[in-house]
Amino acid sequence: MPDRLRVIVRALRGSRILGPVVRAADRLWWGRAIHGSALVDSEFYGAQLGLARLPRGIAIAHYVIRGFRRGMSLNPLFDDLIAGADLPEVLRVPALYAYLVSERHTVQVHPWWDAVDLSRRVGSPGLEHLWSDMGADVEVTVAGRSVTMTVSEFRRRAIVAARTWRRPRTRARAGKGAMSSTVIVRPLQAHDRRYARKLVQLLDLADTAEIVVPLVGVDASQWISAHLLAGIFPELTLRGHRCRAVWGAVISDAVEGRTSGVAVVLDARAEFSIADIRDLEAAAREGAAVIPAHRAQDGTVAGLGAADVGGRRPWGVLEAHPVDDIDTLDDVLEVPLLHGRTLACPLDALAVALTYPTISATELSRRLPPRTPRRVLTRLRPLLEEPQLAYRRDQVGLTHPAIHRALVEPIIDAAGFDVESWPDGGKTRDAPRLRWRAPHAEAQRWAIKICAPAGRQGAVWGDAHFARGLAAALRRRGHMVVVDAFDARDRPTSYLDDVNVVVRGPYRIDPPRSRARAGVNLLWIISHPDAVTRNEVVAFDRVFAASESWSRASTARWGVAVESLLECTDTDLFHPRGVRRTDEIVFVGTARGIARPSVVVPLAAGIPVRVYGPDWRPFISQSAIVARSLPHEQLAERYESASIVLNDQWPEMRRHGFIAMRPFDVVAVGGRVISEEVEGIDAVFEGAVVTYRDAEHLVSLLQADPDTIFADADALARASERIRRDHSFDARAAVLDEAARSVLSADEPGLRHRAG
């Protein structure tokens with residue numbers, strides 16, 4: 001679909017009037033494509049609904065209207081959640097439809113058999129190849145062990161599992177693993193596309209621990225695939241529970257009958273390394289009830305344990321603080337109460353606590369024997385990446401605030417804060433009001449706020465790397481610096497910060513509302529200038545933009561001083577290493593939902609481009625995609641080793657003279673860039689960046705000898721040195737630091753925004 005038409009359809013789909021019509025047309029289109037395939041198994045689909053028979057057309061209709069959103073599948077060899085993780089728009093379209101319109105031989109469709117490898121061996125899509133012959137062998141390979149069964153047997157097992165998905169249940173399958181002194185309880189909840197990885201990890205622990213997997217309100221694909229795996233590996237014990245189960249009851253069922261050893265209970269929303277699990281187990285063997293320092297979905301601290309400090313509910317200690325605030329704390333802390341739904345605990349103590357109905361670790365910890373220490377491992381910081389989709393809502397009780405205040409005050413002090421006031425009986429707030437303690441007179445507390453989400457999803461955003469580089473430079477200037485992901489942009493602890501720097505990307509971020517003292521708000525616009533308004537910028541004390549021409553024009557248009565501050569590079573990472581240059585043409589970045597010309601045009605002309613990034617499946621052949629991501633720490637060597645690095649930008653950035661970060665990074669390592677034309681780019685990079693006017697010009701440049709279009713080695717080295725000197729985060733941090741100090745020293749704050 002052409003990009004312009006794609007944008008129009010997306011807009012209509014969200015329309016209040018025409019949206020229902022467009023979405024109905026979507027479902028008809030999906031159903032038609034699926035109806036034309038031979039992959040529909042109506043008996044298998046009906047089994048998921050508890051039906052013995054179901055007409056093929058009705059199965060398809062139910063799937064495209066409702067079923068795909070619960071992970072239901074039309075084929076037993078196809079796991080919708082796993083296949084969807086490798087396909088575009090899976091939150092909107094059924095995975096089977098997305099599979100049928102993609103390069104099918106490149107899609108992994110199931111966690112327990114390798115469709116891509118089979119496709120490579122047979123020269124056609126592996127799913128269709130197997131489904132066409134019920135007597136063919138399916139090789140199930142998990143955790144280094146392989147089992148072979150026919151497609152017919154695989155289908156039979158899947159149907160048996162499917163029939164139990166919707167039934168009332170408390171126990172789904174009892175495993176046959178040997179009793180162990182350690183029980184690992186690993187609940188799974190609905191919509192978790194990483195569930196298979198979590199199950200495989202458990203098999204690596206099965207030699208030394210008993211494994212129990214409560215399936216709490218899971219989707220059909222999760223239920224069926226987990227049962228298929230447990231049928232092969234008896235070390236896994238499965239338990240089934242409804243979505244609104246009581247957390248304590250789920251744990252009690254998992255450890256029933258065990259009173260010696262330790263239990264490690266993991267939160268369904270987070271991922272843990274094997275080392276994390278071992279650390280929790282080892283700490284529990286010392287006789288303590290132990291939790292990690294979970295991070296909430298927005299990246300802030302979820303709570304270092306909990307305490308009754310006078311509010312309406314227990315306070316998660318340092319809850320809603322940036323995770324940077326706990327870096328100075330001891331590795332192990334004693335806390336009044338536990339917090340969250342991950343814990344490791346001696347089984348005898350856990351058995352005592354579970355005799356009462358408990359729906360969270362906080363309430364459970366009140367019931368533990370008095371001599372059981374409650375501890376937090378502050379270096380274990382798993383992110384709660386998923387929303388809470390299982391269990392009943394927490395209920396809380398309160399005990400003795402004075403005692404708990406005395407216990408948590410040393411933690412607050414060690415983190416660098418003083419208590420200004422405690423909650424006043426829950427009338428206005430539940431958390432204590434703190435004051436940051438500056439380590440020296442010149443130090444300030446800076447908060448960098450970015451548009452990237454927290455965790456794995458945001459880690460690939462350029463904004464996240466940008467914030468890290470800026471934070472390191474500001475710390476070298478003696479400041480305390482925290483970084484807030486987009487969802488933490490207005491966290492309730494923002495009142496502690498002296499300076500807020502909003503790095504304006506695709507979304508608007510206003511200055512925090514929760515400020516108790518005069519602070520400084522700086523805005524640095526690095527992309528999407530068309531979305532920025534005067535109403536947005538006047539809320540800030542100083543405004544910067546990564547374009548000289550746009551800064552001048554905006555100052556004149558709005559009567560608000562907008563200062564030029566170009567993007568830059570992180571010289572801690574991007575510097576020459578002496579890596580040998582290859583003949584490879586490289587692009588690193590996401591597709592952004594469009595056919596980016598610097599990638600699509602060369603490939604269409606037969607010029608090989610090695611692409612690193614997600615979301616490219618709808619636009620280019622999978623053979624051009626080297627990897628869905630490239631670790632940030634490997635970028636410098638990849639850029640230095642490339643013959644040419646390609647660059648393009650958001651159209652409005654190019655139109656308004658915003659130069660992206662990539663050319664700064666590439667030239668800093670001594671690399672060469674071919675980029676779209678952007679005002680000022682030639683002057684900044686002096687021969688290390690060559691620009692193209694249109695598609696034909698881009699192809700001609702890439703067909704030429706690179707040594708004839710770029711500056712020579714000496715000139716590239718000079719350009720690299722100058723970029724690292726004049727366009728580093730340290731240089732930009734100096735400008736921002738001076739701006740913040742000038743605002744703080746201004747006698748008339750009301751005049752800060754006057755142009756000129």
Side-chain angles (χ1 to χ4, degrees), residues 48 50 69-72 81 161-175 183-195 198-199 202 210-227 229-230 236-258 263-272 289 291 294 297 302 313 338-345 347 350-368 382 384-397:
Q48 296 164 70
R69 300 191 185 280
R70 282 305 318 270
M72 297 175 69
L81 289 180
R163 285 177 178 150
T164 65
W165 175 52
R166 286 180 176 269
R167 292 181 184 175
R169 57 204 179 265
T170 56
R171 295 191 178 184
R173 172 185 170 82
V183 181
I184 297 176
V185 183
R186 194 5 152 178
L188 297 178
Q189 67 171 9
H191 308 335
D192 184 351
R193 296 187 184 278
R194 293 189 285 272
Y195 81 89
K198 295 173 182 176
L199 289 173
L202 295 174
E210 188 173 353
I211 308 298
V212 182
V213 182
L215 305 173
V216 187
V218 297
D219 295 322
S221 287
Q222 296 167 293
W223 181 270
I224 295 165
S225 291
H227 279 71
L229 188 67
L236 293 181
T237 296
L238 304 183
R239 295 282 191 264
H241 298 273
R242 295 191 181 278
C243 179
R244 303 299 294 166
V246 175
W247 178 79
V250 171
I251 306 311
S252 180
D253 176 66
V255 302
E256 183 182 10
R258 300 169 181 86
V264 180
V265 180
L266 305 176
D267 196 305
R269 297 170 289 173
E271 287 196 77
F272 301 81
I291 60 172
H294 267 304
Q297 264 192 296
R313 63 176 180 87
L338 303 180
H339 189 75
R341 289 199 168 101
T342 297
L343 80 152
C345 185
L347 277 162
L350 188 61
V352 172
L354 289 173
T355 58
Y356 300 87
T358 56
I359 61 176
S360 70
T362 301
E363 292 307 300
L364 180 145
S365 62
R366 297 185 193 277
R367 312 298 184 182
L368 289 169
L384 300 174
E385 295 189 76
E386 306 289 338
Q388 183 65 66
L389 300 176
Y391 308 121
R392 296 183 188 173
R393 187 179 300 275
D394 285 358
Q395 298 173 354
V396 296

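Residue numbers start at 1 and run along the sequence shown. Note that the structure is predicted; figures quoted are calculated from it, not measured.
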To the closest 0.5 Å, what do you measure between [atom1] ([X]) and [atom2] ([Y])?
X: Leu202; Y: Glu210; atom1: CG; atom2: CD; answer: 12.5 Å
X: Leu81; Y: Ile224; atom1: CG; atom2: CD1; answer: 10.5 Å
X: Leu354; Y: Ser252; atom1: CG; atom2: OG; answer: 5.0 Å
X: Leu389; Y: His191; atom1: CG; atom2: NE2; answer: 5.5 Å
X: Asp219; Y: Ser225; atom1: CG; atom2: OG; answer: 11.0 Å
X: Leu238; Y: Leu229; atom1: CG; atom2: CG; answer: 8.0 Å

Side-chain touch [X]/[Y], heavy atoms, less than 4.5 angstrom:
X: Lys198; Y: Leu266; answer: no
X: Pro382; Y: His294; answer: yes
X: Trp223; Y: Thr164; answer: yes
X: Leu364; Y: Leu343; answer: yes

Write down the atom of [X], the atom of [Y], and the distance for their closest heavy-atom approach.
X: Ile291; Y: His339; value: CD1-N, 3.5 Å
X: Ala289; Y: Cys345; value: CB-SG, 4.0 Å
X: Val250; Y: Pro214; value: CG1-CB, 3.5 Å
X: His227; Y: Ala161; value: CB-CB, 3.7 Å
X: Trp165; Y: Gln48; value: CE3-O, 3.2 Å
X: Ala390; Y: Gln189; value: N-OE1, 3.5 Å

Can you name the one residue among Asp253, Val218, Val246 that meets side-chain contact (heavy atoms from CB on, under 4.5 Å) with His241?
Asp253
For Ala270, is there any backbone N or O sitting under 3.5 Å from a side-chain donor or acceptor partner on Glu385?
no
Looking only at atom types and distance, does a side-chain atom of Arg70 sit under 3.5 Å from a main-chain N or O of Ser221, one as donor and one as acceptor?
no
Checking Leu215 against Gln222 for the side chain to side chain contact (heavy atoms under 4.5 Å, CB included) test, could you report, in this order, the C-alpha distance in whole Å, the side-chain angles of both residues, the deciding distance, and whether it holds?
CA-CA 8 Å; Leu215 305 173; Gln222 296 167 293; 5.9 Å; no
Quick one: do the Gln388 and Arg269 side chains pair a donor with an acceptor below 3.5 Å?
yes
